[in-house]
Q: 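One structure is given below, represented as structure tokens, and several questions about it will come after.
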Protein chains: 2
Amino acid sequence: MTQQTTKAKRVEETGRAPGFVSDYLLYLLAAASDAASAQFHAKVRKAGLRVPEWRVLACLADTDGAMITQLARRALAEQSRLTRIIAQMEDRSLLIRRSDPADGRRVRVYLTDSGRALAAELVPQAQKHEAALMEMLQGNEGAQLKPALKSLLAALEAQEDWQG
Amino acid sequence: MTQQTTKAKRVEETGRAPGFVSDYLLYLLAAASDAASAQFHAKVRKAGLRVPEWRVLACLADTDGAMITQLARRALAEQSRLTRIIAQMEDRSLLIRRSDPADGRRVRVYLTDSGRALAAELVPQAQKHEAALMEMLQGNEGAQLKPALKSLLAALEAQEDWQG
DNA sequence: ACAAACAATATGATTTTTCATATAGTTTCG
DNA sequence: CGAAACTATATGAAAAATCATATTGTTTGT
């Protein structure tokens, strides 16, 4: 019983219980994503952006002139949400919207100079933060993490292509 | 230029661009978490639960009688949000709240029989779904994923304990 | 060329989530 | 003991996200 009390106390303190959840892949993914993002997302907000806005900015820095639907996928946000985020970012002159001459339904989104400047400030910070995270994971666990995630993503996308 | 056109077209189709984002750890974590969860979360909603409710249910199935703050951490939700989720789940008789006799500020949450029954239905489904995901990742990438995530989480929590 | 089917974006209404702070209970320490 | 500091939960107001669907433009098949 001394054993039990000690264990219960440790569980209480660490917030980590044994059992199903703490070894469940979807929990580990969501918890790791949340925890790993927390610090950097705080910086993003201090830079005056909300998280989805930062994602859009980063996506556009990679691929300028993307359309709303693509941005929604890449920035992990829903389409109608993206439409509104883009509108707000346009109001703040971080980007501009232009309808695609080749297909009038499409709206292509381009960074403005100030949007590009903000991206040029934040992307290196993101990379620095990422490097710090990777350094926490020295050893082969660290080396395997990104490839494993990519391969999971690839498998899931392949599945989607067949099914939905 | 034939090369370029082909590449641009593939990017357009797959929605995956080269560049910073597609190799960025925080993107990979968030995207993998979203994609991996999507199917199962659809089942959760068909079972009449929202995602945070399912998480609470699973946490309580592991550790009954947890307090709100603990549940918030484990279910990856903010405290005030948890308070409301718990209230709604209590209205639906999935759980009951009891104030802790040892410390009147604390509210301990216990599954009801019907809450436990729902958990007993969903947890095995979650495990089955998880097994299917792991099967997609045969080879050592799969074997390394969970340990890598756990070790990242552990490192981040250790950091939090020092800093804030 | 025209209608039907399809695709991309936008919008109104609602729900979910967050933020700041209030409330209630507990511990610490002079 | 009693005030100050602290902890756990609750709550009102505001912001963010989602859902269903409208709108606009394009493609397909006849």
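Basis for what follows: all heavy atoms, side chains included, without hydrogens, waters or symmetry-related copies. Each chain gets a letter, A, B and so on, in the order its sequence line appears, and its residues count up from 1.
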Q: Whole angstroms only, please: what is the CD1-C1' distance between A/Ile86 and C/dA8?
A: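 From A/Ile86 CD1 to C/dA8 C1': 14 Å.
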Q: Measure the distance from CG on B/Asp91 to P on D/dA10 and round it to the nearest whole Å.
A: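 That distance rounds to 12 Å.
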Q: For the pair made of CD in B/Gln79 and P in C/dT18, what is the distance, rounded to whole Å?
A: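 Taking CD of B/Gln79 and P of C/dT18, I get 12 Å after rounding.
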Q: Side chain to side chain donor-acceptor pair (under 3.5 Å) with A/Thr69: which residues, sequence neighbours excluded?
A: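 Checked A/Thr69 against side chain to side chain donor-acceptor pair (under 3.5 Å); zero matches.
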Q: To the nearest Å, give me how far apart CD1 (A/Ile85) and C1' (D/dT18) are.
A: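 About 12 Å, once rounded to whole Å.
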Q: Shorter than 3.5 Å, N or O on both sides, protein versus nucleotides 4-7 of chain C: list them out with atom names.
A:
{"from": "C/dA7", "atom 1": "O4'", "to": "A/Arg105", "atom 2": "NH1", "distance (Å)": "3.2"}

Q: Minimum heavy-atom separation for B/Arg116 to B/Leu111, with atom names?
A: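 Between these two residues, the closest heavy atoms are NH2-O, 3.4 Å.
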Q: With a cut-off of less than 4.0 Å, is there a side-chain N or O of A/Arg45 near OP1 or OP2 of C/dC19?
A: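 The answer is no; no side-chain N or O of A/Arg45 sits under 4.0 Å from OP1 or OP2.
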Q: Just how far is it from atom CG of B/Leu122 to atom CG of B/Leu49, taken to the nearest 0.5 Å?
A: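 One gets 6.0 Å once the value is rounded to the nearest 0.5 Å.
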Q: Ignoring the backbone of A/Met67, work out which of C/dT16, D/dT9, C/dA8 is nearest its side chain.
A: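 Between C/dT16, D/dT9, C/dA8, the one nearest the side chain of A/Met67 would be C/dA8.
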Q: Atom CZ of A/Arg73 and atom P of C/dT9: how far apart are they, to the nearest Å?
A: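 That distance rounds to 14 Å.
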Q: Determine yes or no for a side-chain-to-main-chain donor-acceptor pair under 3.5 angstrom, with B/Thr112 supplying the side chain and B/Leu94 the backbone.
A: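 Yes: the side chain of B/Thr112 pairs with the backbone of B/Leu94.
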Q: Just do the salt bridge (charged side-chain N to carboxylate O under 4.0 Å, His left out) check on B/Asp62 and B/Arg74 with the steps written out, would you?
A: CA-CA 11 Å; B/Asp62 272 3; B/Arg74 293 178 190 157; over 6 Å; no
Q: Would the distance check show the side chain of B/Asp100 and the main-chain N or O of B/Arg106 forming a donor-acceptor pair, the cut-off being under 3.5 Å?
A: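 No.
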Q: Calculate the interatomic distance between A/Asp100 atom CG and D/dG25 atom C1'; express it in whole Å.
A: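 In whole Å, D/dG25 C1' and A/Asp100 CG are 12 Å from each other.
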Q: Closer to the 5' end of DNA chain C via nearest nucleotide, is it B/Glu78 or B/Gln88?
A: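 That would be B/Gln88.
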Q: If you assign each of B/Val107 and A/Asp103 to its closest nucleotide in DNA chain D, which residue comes earlier from the 5' end?
A: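 Its nucleotide being nearer the 5' end, the pick is B/Val107.
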Q: Output the rounded distance in Å from CD1 (A/Ile68) to C1' (D/dT23).
A: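 Spelled out: CD1 on A/Ile68 to C1' on D/dT23 is 15 Å.
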Q: Side-chain N or O of A/Ser80 versus OP1/OP2 of C/dT9: is the shortest distance under 4.0 Å?
A: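 It does not, given that no N or O in the side chain of A/Ser80 lies less than 4.0 Å from OP1 or OP2 of C/dT9.
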Q: Please check the phosphate of D/dT11 (OP1 and OP2 only) for any side-chain N or O of B/Arg84 closer than 4.0 Å.
A: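 No, no such contact exists.
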Q: Any idea which heavy atoms bring B/Leu76 and A/Ala30 closest together, and the distance?
A: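 Looking at all heavy atoms of both residues, the closest pair is CD1-CB, 3.6 Å.
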Q: Round to the nearest Å and state the distance from B/Leu71 atom CG to D/dT9 atom C1'.
A: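 These atoms are roughly 13 Å apart.
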